[in-house]
Number of protein chains: 2
Amino acid sequence: MKEETAKTDDKYALRSVSRALDILHVLGEHSAEGMTVAELADSIGVSKSTAFTLLQTLLARGFIADERLGGSRRYRLGLALVHLGDRAAANTGITQIAMPLLQQLTQETGLTSRLAVLDDGYAVAISRVDAPGIFRLAGSLGTRELPHCSGVGKALLALLPPARVFQILKRIGMPSRTEHTITEPAELVKNLVDVADRGYAFDDEEDNLGVICVAAAVTDRSGDGVAAISVTSMKGGRSLEDMHDLGRAVRACADKISRLLGANIPDA
Amino acid sequence: MKEETAKTDDKYALRSVSRALDILHVLGEHSAEGMTVAELADSIGVSKSTAFTLLQTLLARGFIADERLGGSRRYRLGLALVHLGDRAAANTGITQIAMPLLQQLTQETGLTSRLAVLDDGYAVAISRVDAPGIFRLAGSLGTRELPHCSGVGKALLALLPPARVFQILKRIGMPSRTEHTITEPAELVKNLVDVADRGYAFDDEEDNLGVICVAAAVTDRSGDGVAAISVTSMKGGRSLEDMHDLGRAVRACADKISRLLGANIPDA
DNA sequence: GAACGTCGTTCGGTATAACAGAACAATTTA
DNA sequence: TAAATTGTTCTGTTATACCGAACGACGTTC
């Protein structure tokens, strides 16, 4: 259960702060059960006493919460993070504008819809409107999705010149997620031409078997892709016709958002 | 623009970690515009170079994001927080269960609905379903709401024995927020009897003028209040009849959630 | 167009704060 | 009852986090 401290750039890294962030990260991956001091100390590689002081600091600020049961004490993520996460998502401003329209889209289609932005080449979902009913797609917010096999990723890549697409793909790679994943840069770029033409992208079981995703990009007034929206569904015998219907709906919604952002897109 | 480092218990507080959390806190309050190194250094009371290293550490882990414009560089909250916030909210498990039902409630009533849990005597909203349309209630997630003048707070207090209610009120206080705020413990407790009887609570402009809130508690199998849900609306000429209609709807929804949590509540 | 102010970034010396390990109290397990 | 966990406290030592000052790069102003 060793966790390697993923370091992007240590040049100016404060040890104790990094370790505190490690704790939050690890707790995020064990959010359901919570963790004890000893477990945390072990997984971030510090002494028990060090972990303890780190935890107390985070606790005093509400970044984590504790729960005593029996002689033991379990820590979990705290409510301060809910607040900050909400603010971080609302930050871009896009969320405020997009959310009501995403709700309409979910109501129209009956599917879970999401809003994602680009972060360092990856697509990251920042908001979500769950489908009514008991279906529940796992996809949690804030996790990076691979651009080459996610609907939102492809919708955003389609706006870029091929040279930059190749550049991004080279940096991030194109790992195979299912038998349908496109793993050849040239093939993906060919695929992206269709996407740009139609204005919406499919992820047809390319990331998860049995799951499809239809996405369209949101652009700002300068035409740059700032975000993408998508709906997710089970493949379950959905016809190509169906998927194009969804595509048109998603694109219409994305265009509405783009227009609200000041983009100059003619009405459908 | 001095910010005092709110310290709950410094006995085991790591200075650099506390400062890093300070930064996140301050950035959360200036999430719209972002902040520069100098501004941050000033507002948390450290030297520019110290703030810089703190920022680099947070940046490397995605807890903050930066944006260069002109010669300047602005920092804002990062996407890692979206992820952690989502996990923290999902933690309780209640969210998963409650969200679809909240969506129904919002669809039925046309109002923004929220889910709140108790945290140290305060009510804290952890999820929200925005009303369709362009109305947008400000209420962000994760902020503490006073129990004596919020719908969710009163709904939860109504489940407790009066002695504990007095105890909580004494600790937290009953500041006056509007002319309608109940500031007398005895009067509130009297009010809570009605709440317990009906199964839903009103906040009738007690927290914000012109804004009403109708809430009901969610209980677990042991009958303890674990959360509360609410809908929020403008007062705008809403009749008492109306409010009771809303109350019944909210309570029905809360009961459904309670039943899913294993509570033994007979159908309406 | 030149001098100035302000920005972000880097460097180095020093006081100190963060660390590990050991000891302690309070439990649970055998 | 004994042994082995648990969480918490303490203390000495080293490493480190901090500040102040200096730097280069912009942007601004006279």
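If you're wondering where the values come from, they're calculated on a predicted model, not measured in any experiment. Every heavy atom of this structure was used, including side-chain atoms; hydrogens, water molecules and symmetry mates were not.
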Side chains of B:Leu157 and B:Leu188, heavy atoms from C-beta outward: is any pair under 4.5 Å? yes
Upstream residue (5' side of DNA chain C) when B:Arg15 and B:Arg68 are each assigned their closest nucleotide: B:Arg68
Can you tell me how far P of C:dC19 sits from CG of A:Asp22, to the nearest Å? 12 Å
A:Leu40 CG to C:dA20 P, straight-line distance once rounded to whole Å: 14 Å
Heavy-atom nearest nucleotide on DNA chain C taken for B:Leu14 and for B:Ser49; more 5' hit belongs to B:Ser49
Any side-chain heavy-atom pair of B:Leu84 and B:Phe63 under 4.5 Å: yes
So what does A:Thr53 touch, heavy atoms closer than 4.0 Å: a base, only the sugar-phosphate, or nothing? nothing
What is the distance, rounded to the nearest whole Å, between atom CD of B:Gln56 and atom C1' of C:dT9? 9 Å
Separation of atom CZ in A:Arg74 from atom C1' in C:dT27, rounded to whole Å: 16 Å
Is it the case that C:dG8 (base atoms only) and B:Lys48 (side chain only) share a donor and an acceptor within less than 3.5 Å, ignoring hydrogens and angles? yes
With a 4.0 Å cutoff (strictly under), does any side-chain N or O of B:Thr50 reach OP1 or OP2 of D:dA17? no
Between A:Ala20 and B:Val17, the two heavy atoms sitting closest are CB-CG1, 3.8 Å
Here the distance between atom C1' of C:dC19 and atom CG of A:Leu54, to the nearest Å, is 10 Å
Decide yes or no, distance alone: a donor-acceptor N/O pair under 3.5 angstrom between the base of D:dG7 and the side-chain of A:Ser72. no
Between B:Ser47 and A:Ala38, who's closer to the 5' end of DNA chain D by nearest nucleotide? A:Ala38
Could you state the CD1-C1' distance from A:Ile44 to C:dA20, rounded to the nearest angstrom? 13 Å
Whole angstroms only, please: what is the CG-C1' distance between B:Leu55 and D:dA17? 15 Å
B:Arg73 and B:Asp66 have their tightest heavy-atom pair at NH2-OD2, 2.7 Å
Look at A:Arg74 together with A:Glu39 and state whether they make a salt bridge at an N to O cut-off of under 4.0 Å. yes
In whole Å, what is the span from the CD1 atom of A:Ile23 to the P atom of C:dC19? 10 Å
For B:Ser16, report the nucleic acid contact type (base, sugar-phosphate, nothing); a contact means any heavy atom under 4.0 Å. sugar-phosphate
Which part of the nucleic acid, if any, lies within contact of B:Arg19, taking any heavy atom under 4.0 Å across all strands shown: a base, the sugar-phosphate backbone alone, or nothing? sugar-phosphate
